[in-house]
Chemist: 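Sharing a structure here in C-alpha cells format.
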Amino acid sequence: MNSPSAHAESMLNNDAWVVIPLFNEAQVIGEVVQGLRGLFAQVVCIDDGSNDESGTIARAAGARIVRHPINLGQGAALQTGFEYALERGAHYVVTFDADGQHRVEDALEMLNRARNEGLAIVYGSRFLDNRTRPGLLKKIVLKTAVWVTNLTTRTRLTDAHNGLRVIRNDALNLIKLRQDRMAHGTEIVVQLGRTGLPYAEHPVEVIYSDYSKAKGQSLLNSVNILIDLIIR
Amino acid sequence: MSIFQLLLIAAVIIAASIAVRYLPGERSLALKRIFAISFVLIAVLAILFPGVLTYIAGFFGIGRGTDLLLYVFIVMTLLFAVATVRAKARSDARVTDLARAVALMEARIREDKR
C-alpha cells in the first residue's frame with residue numbers, strides 16, 4: 001500500500017494549493033508559475049489590482065487567478081488566497097512569493113515534512129544554513145523583525161518575514177489576517193502561534209536576483225512594518 | 001451683547017447641528033447629541049461671560065481664560081484626530097472585506113462557466 005504522501009505526490013500534490021500574492025510582477029511571474037506547475041497542480045495567483053499584464057501572464061502559464069478589484073496589499077492578498085483554497089478543499093496551502101526568490105524544491109521539501117511529521121505549520125527560514133547571503137543592512141532589518149516577532153509571540157523563529165510557508169487547513173481556519181500591508185509577516189506568526197498547533201522551521205534558500213533586489217523592501221518600509229504592528 | 005458675541009453663538013449652534021446631523025454611527029448617536037448640546041451651552045456661556053473662563057482657569061491654576069481655551073482646544077483636536085484614524089481603519093477593513101468578497105465571487109463565476 002502506498003503511503004499517503006507518495007499517493008499525493010503521484011497526483012501532483014493535489015491536496016496542496018500554492019498561493020501567490022501578485023502585484024506588478026509581469027517580468028518574472030510566468031517563469032515562477034511554470035516552475036511550480038511542474039510539481040504542483042493547484043496554483044492560484046491573487047492579482048492584487050496589478051496595473052501591468054501580471055494576471056494575464058500568470059493565467060497563460062497555468063495559474064488560476066483571483067483578482068482584487070483594487071490594490072489592498074500583500075497581507076490582504078494572502079488572506080484572499082487562504083479563503084479561496086479552503087473553499088476548494090485544500091488540505092495544505094503553500095505561500096510563495098511572486099518575484100522568484102523562492103525555490104520550488106524547498107516548497108516541496110517543506111510540504112513533505114509537514115505530511116511526514118504531522119506538522120500544521122512549516123516556516124521557511126533563510127538563516128538556518130548559509131546558502132542565502134543577504135547584505136548586512138538587510139540582515140539587520142530581518143533580524144530586528146524576528147526579534148520583535150519573538151518578543152510578541154510564543155513562537156521562536158530565526159526568520160520572520162520569509163514568504164515561503166506551508167500551512168495545514170486546520171491552522172488556516174483559525175487565522176484571519178487584518179494587516180493588509182507588509183506587517184502580516186509578523187501577524188501570521190502571532191495568529192498561528194495562538195493556535196498552539198505543532199510547527200517547525202525548514203532551511204530554505206532565498207535567491208537575491210538583481211530583479212528582486214531592485215523590487216525588495218526598502219529600509220524605510222521596515223519602519224512602516226514596525227508602526228503597523230504597534231498601531232492596530 | 002456685542003455683534004461679535006451674536007455671530008460666535010450662531011457659528012457654534014450651526015457647527016453643532018451639522019455635526020449632529022452628519023456624524024455616523026447609530027449606537028453612539030445619542031451620546032454625540034448630548035455632547036453637542038452641552039458643547040453649545042458651555043460655548044454660549046463662555047461667549048456671554050468671558051470672565052467665567054478666567055475664573056475656572058484660575059481655579060485650575062492656569063491663569064488666563066484664553067490659555068484654558070487653548071489647552072482644551074489642543075486636547076479636543078487630538079481626540080478628533082484619534083477618532084478619525086480609528087474610523088478610517090474600520091472603513092479600510094470593510095473595504096478589504098468587500099473587495100475580497102467581489103474577487104472570490106468573480107472567481108467562482110468564472111470557474112463555473114468553464
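Here the structure is a predicted model, which means the values were calculated and not measured. Every chain is numbered from 1, with letters handed out A, B, ... down the list of sequences.
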Chemist: Could you look at A/Glu87 and say if it's the side chain, the backbone, both or neither that has a heavy atom under 4.5 Å from chain B?
Modeler: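 Answer is side chain: those atoms of A/Glu87 sit under 4.5 Å from chain B.
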
Chemist: Between A/Ser50 and A/Asp47, which heavy-atom pair has the shortest distance, and what is it?
Modeler: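 Of all heavy-atom pairs spanning A/Ser50 and A/Asp47, the closest is OG-OD1, 2.7 Å.
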
Chemist: Shorter than 4.5 Å, heavy atoms on both sides: which option in B/Val95, B/Leu98, B/Asp97, B/Leu104 has the most such pairs with chain A?
Modeler: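 Going by pairs under 4.5 Å, I would pick B/Leu104.
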
Chemist: Heavy-atom distances under 4.5 Å only: say whether A/Ile46 touches chain B with side chain, backbone, both or neither.
Modeler: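 Neither part.
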
Chemist: Could you tell me which portion of B/Arg108 (side chain, backbone, both or neither) has an atom closer than 4.5 angstrom to a non-hydrogen atom of chain A?
Modeler: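 Backbone plus side chain of B/Arg108, per the 4.5 Å heavy-atom cut-off to chain A.
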
Chemist: Checking side-chain polar atoms at under 3.5 Å, does A/Asn162 have a donor or acceptor matched by the opposite partner on A/Asp159?
Modeler: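 Present: a donor and an acceptor within the cut-off.
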
Chemist: Check each atom of B/Ala99 against the heavy atoms of chain A and say whether the ones under 4.5 Å are side chain, backbone, both or neither.
Modeler: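 Both backbone and side chain of B/Ala99 come within 4.5 Å of chain A.
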
Chemist: Just checking, is any N or O donor in the side chain of A/Arg115 or A/Asn13 under 3.5 Å from an acceptor N or O on the other one?
Modeler: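 Yes, because at least one side-chain N or O of A/Arg115 sits under 3.5 Å from a partner of the opposite role on A/Asn13.
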
Chemist: Taking the six-membered ring for Trp and the full ring for Phe, Tyr or His, determine whether the centres of A/Phe40 and A/Trp17 are under 6.0 Å apart.
Modeler: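 A/Phe40 vs A/Trp17: aromatic centres not under 6.0 Å.
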
Chemist: Strictly below 4.0 Å, N to O, side chains only: are A/Arg88 and A/Glu83 in salt-bridge contact?
Modeler: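 No, no charged N to carboxylate O under 4.0 Å.
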
